[in-house]
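Since this is a predicted model, take the numbers as computed values, not measurements. Just so it is clear, the values below take in all heavy atoms, side chains as well, and ignore hydrogens, waters and symmetry mates. Below, chain A is the first sequence line, B the second, and so on; all start at residue 1.
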Protein chains: 2
Amino acid sequence: MRKRKGAGRPTISDVAEKAGVSTITVSRALRDPSKVSDHLRRKIDNAVKKLNYVPHSHASALASTRSNIIGVIVPSLTNNVFADTLRAIYDAFDQGVYQVQLGNSRYVAKEEERLVRTFLGQGPSAMIIAGTDQTEITRELLESAPCPVVQIMEIGDDPIDMMVGFSHFEGGRAAGIHLVQKGYKRIGFLGARMDPRSHRRMEGFKEAMRSGGRYDPDLIMTTTTSSSVTLGAELIGQLRARRPDLDAVFCNNDDLALGALFGCQKAGISVPDDMGIIGFNDLEMMAASYPSLTSIRTDRYAIGKHAVAMIQSALDSEMPDQKIIDVGFELQQRESTSRKR
Amino acid sequence: MRKRKGAGRPTISDVAEKAGVSTITVSRALRDPSKVSDHLRRKIDNAVKKLNYVPHSHASALASTRSNIIGVIVPSLTNNVFADTLRAIYDAFDQGVYQVQLGNSRYVAKEEERLVRTFLGQGPSAMIIAGTDQTEITRELLESAPCPVVQIMEIGDDPIDMMVGFSHFEGGRAAGIHLVQKGYKRIGFLGARMDPRSHRRMEGFKEAMRSGGRYDPDLIMTTTTSSSVTLGAELIGQLRARRPDLDAVFCNNDDLALGALFGCQKAGISVPDDMGIIGFNDLEMMAASYPSLTSIRTDRYAIGKHAVAMIQSALDSEMPDQKIIDVGFELQQRESTSRKR
DNA sequence: TGTTATGATGTTAGCGCTAACATAATGTTA
DNA sequence: TAACATTATGTTAGCGCTAACATCATAACA
């Protein structure tokens, strides 16, 4: 007689036998207790406990053709911005039946494509993916995926399915306008990584400079190096070396802004009087620094929460209230741009 | 005739039919191409491409009783310390067949227990779990799990299976000794969250104070609130209010240390002359700040890499070189504790 | 009272894949 | 050339669960 090993763990049949019922009754008792009489339910619960039975999720997924997996793809695990959104997603799916499956694309489009393929192989219940700059193939894969798809962190005209985020262009523009209004004259831009969202912030900034009559491409300093506080100090040093008359900077993100502050302090430049600094995202530290740092506040946690809510209403086959949610942003003015004119 | 839907995606049979071979040959061609002749392999590859076939991972897991899932449980998704280790784990498993399944226990033991149960339900190939303070039940579950288990971030005498990390007690002690050696007299401790690892750092610190003749419980200030830069500024303010003669602090972690620095700057206290500050973990920003901040450097990325290497040698059924790996730590002295005596 | 709706439980087949064995084709050795 | 090993491919039966249908008991109703 041919035999196979199995996983060596108790199966639903073991439970059924112990409880004196059929396997399907056990299955029902575990998935929807109201479908089974109290009498049998108690017996089954006991058997489950005694055997320390845990359902085999793969068998369940195969039989029901529902995996209960939510695929999430982000470009970075160490960036606080994504960490906050991820936390929201994990919090929201916490109690339910869904399992979050996380992938790190490391800002590489081909990597993202590979992850999408892998995740779709698990027949996910939904997909969450950061950004709007997928490759053609990735887009096609996701468009034909038989599950809800939410693009997060930013918004645009042409969602694959649903979207939640905010306009990075407008965020960058708001930062630029703020510096112009504060009376700064030679306003620079410091950018690290320069992923698509950073680019759009920069474009928004440029737009603000142009309409404020302050546009000067020589004041823009970017690098593809990944962002860090140290880099912020270096970049402002380089930009000041090139343009000693620089009197304000919009930093791509808060790490750079904090680094720029430290760089100024080291060089004996007074913030905000001789140098205005504004960051992006408003991480917690921005309010605590000395001087405190102005930033564009974004609600990353809300993005995650909305994404899950959209998925849940899509899975309940309700029409979502909207296909695109703009969570906006808010300029948080602090000491680093509050000079006396 | 009874019929079921299926997932609607192409299956291995579709590929087999199109390529004119049996399903098992397709299975082999995909898992180990060397087992199939070039001739058939080409045919199969073509069919796969034409049908856009992606294997159903659940079916594979069920049939082979191997899930290729690596369960990872950490207490926080936003703490940079875990983010670095997670990144290492994701990087290491990147190209292989394994899928990382991440859980966030939020520093709640019961939550951790629930996650362990869920993950074991997927028949993981291995488990990685942060810390050594699992509940009794969690420990039992993991001990009887039919897969390698690695506890990460810290080390101890009694591993469930394997361990990689460092001694938080010794790290805390090293920080304390450093401040004593630098000639600081009234040395405080600022602690947030106060999870078990924080506790052990504090105990190491106390030990250093005792042996240096500087122990004063009145100088210890802790809270269960989660750590933040803002909190660091607050805590040092409170401790100074209680003990105006305070002249140095060891901070539980780098966020608090940075906050303590800002707090001192705001209050006009000179760092390091009137106040020495040392943090823990040596995040990137510590070297960039002004003044730069002393910290205990820990190699979180290495912890993740080692954990994966241990798992891989266990799965290849080689005996691992060692069951417990101590990656150590290194005191990184900077300006914040470099006063002229 | 018989008829029908409702609810609880069981039987059977199959989700898509691979382990285990079987078989055919080829190479190797004395 | 027979005897055996090796390689390439196929057949069959399950992995553990649940969808779909079937059955039986009880409640509801005319």
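A:Arg31 and A:Ser27 are linked by a side-chain donor-acceptor pair at a separation below 3.5 angstrom, with hydrogens and angles left out of the test. A donor and an acceptor atom, one from each side chain of B:Ser57 and B:Ser60, are nowhere located under 3.5 Å apart. A:Thr135 and A:Thr138 share a donor-acceptor pair across their side chains, judged by distance under 3.5 Å alone.
A salt bridge does not link B:Arg42 with B:Asp45: none of the charged nitrogens is closer than 4.0 Å to a carboxylate oxygen. Using a 4.0 Å cut-off between charged side-chain N and carboxylate O, B:Asp133 and B:Arg139 make no salt bridge. Between B:Asp94 and A:Arg106 a salt bridge is recorded (basic side-chain N to carboxylate O distance below 4.0 Å).
Heavy atoms of other residues, nucleotides or ligands lying less than 6.0 angstrom from CD of B:Glu17 number 12 at most. For A:Arg87, the CZ atom sits in a packed shell: over 12 heavy atoms of surrounding residues, nucleotides or ligands are nearer than 6.0 Å. Enclosure of atom CG in B:Asp32 by more than 12 non-hydrogen atoms of other residues, nucleotides or ligands within 6.0 angstrom is indicated.
For B:His56 and C:dG16, the NE2 to P distance is 5 Å, given to the nearest whole Å. The CG atom of B:Asp32 sits 13 Å away from the C1' atom of D:dA8 (whole-angstrom rounding). Put simply, CD1 on A:Ile12 is 19 Å from P on C:dC15, counting in whole angstrom units. The interatomic distance linking B:Leu62 (CG) with C:dC15 (P) rounds to 13 Å, in whole Å. With rounding to whole Å, A:Gln122 atom CD is found 15 Å from C:dG16 atom C1'. A straight line from NE2 of A:His58 to P of D:dT18 spans 14 Å, rounded to a whole angstrom.
The aromatic rings of B:Phe82 and B:Tyr107 sit perpendicular, their planes meeting at an angle over 60°, well past the 30° parallel limit.
For A:Ser64, the side-chain atoms get nearest to D:dT18 when compared with the rest of C:dA19, C:dG16, D:dT18. Taking the side chain of A:Pro55 as heavy atoms from C-beta on, and the options C:dC15, D:dC17, D:dC15, the nearest nucleotide is D:dC17.
Residues from residues 19-28 of chain A placing a heavy atom under 4.0 Å of any atom in DNA chain C, listed by number, are A:Val21, A:Ser22, A:Ile24, A:Thr25, A:Arg28. Within residues 33-47 of chain B, the residues having any heavy atom closer than 4.0 Å to DNA chain D are, in order of number, B:Val36, B:Ser37, B:Leu40.
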Q: Verify side chain to side chain donor-acceptor pair (under 3.5 Å) between B:Glu113 and B:Gln134, making sure each step is shown before the conclusion.
A: CA-CA 8 Å; B:Glu113 192 178 308; B:Gln134 287 77 32; over 6 Å; no
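Within the 4.0 Å cut-off from OP1 or OP2 of D:dA19, at least one side-chain nitrogen or oxygen of A:Arg66 is found. OP1 and OP2 of D:dC17 both lie 4.0 Å or more from every side-chain N or O belonging to A:Arg9.
Annotation: the terminal axes of the helix from C:dT1-D:dA30 to C:dA30-D:dT1 meet at 30°, where each axis is the rotation carrying the C1' atoms of four end pairs onto the next four (5 pairs per end, rounded to 10°).
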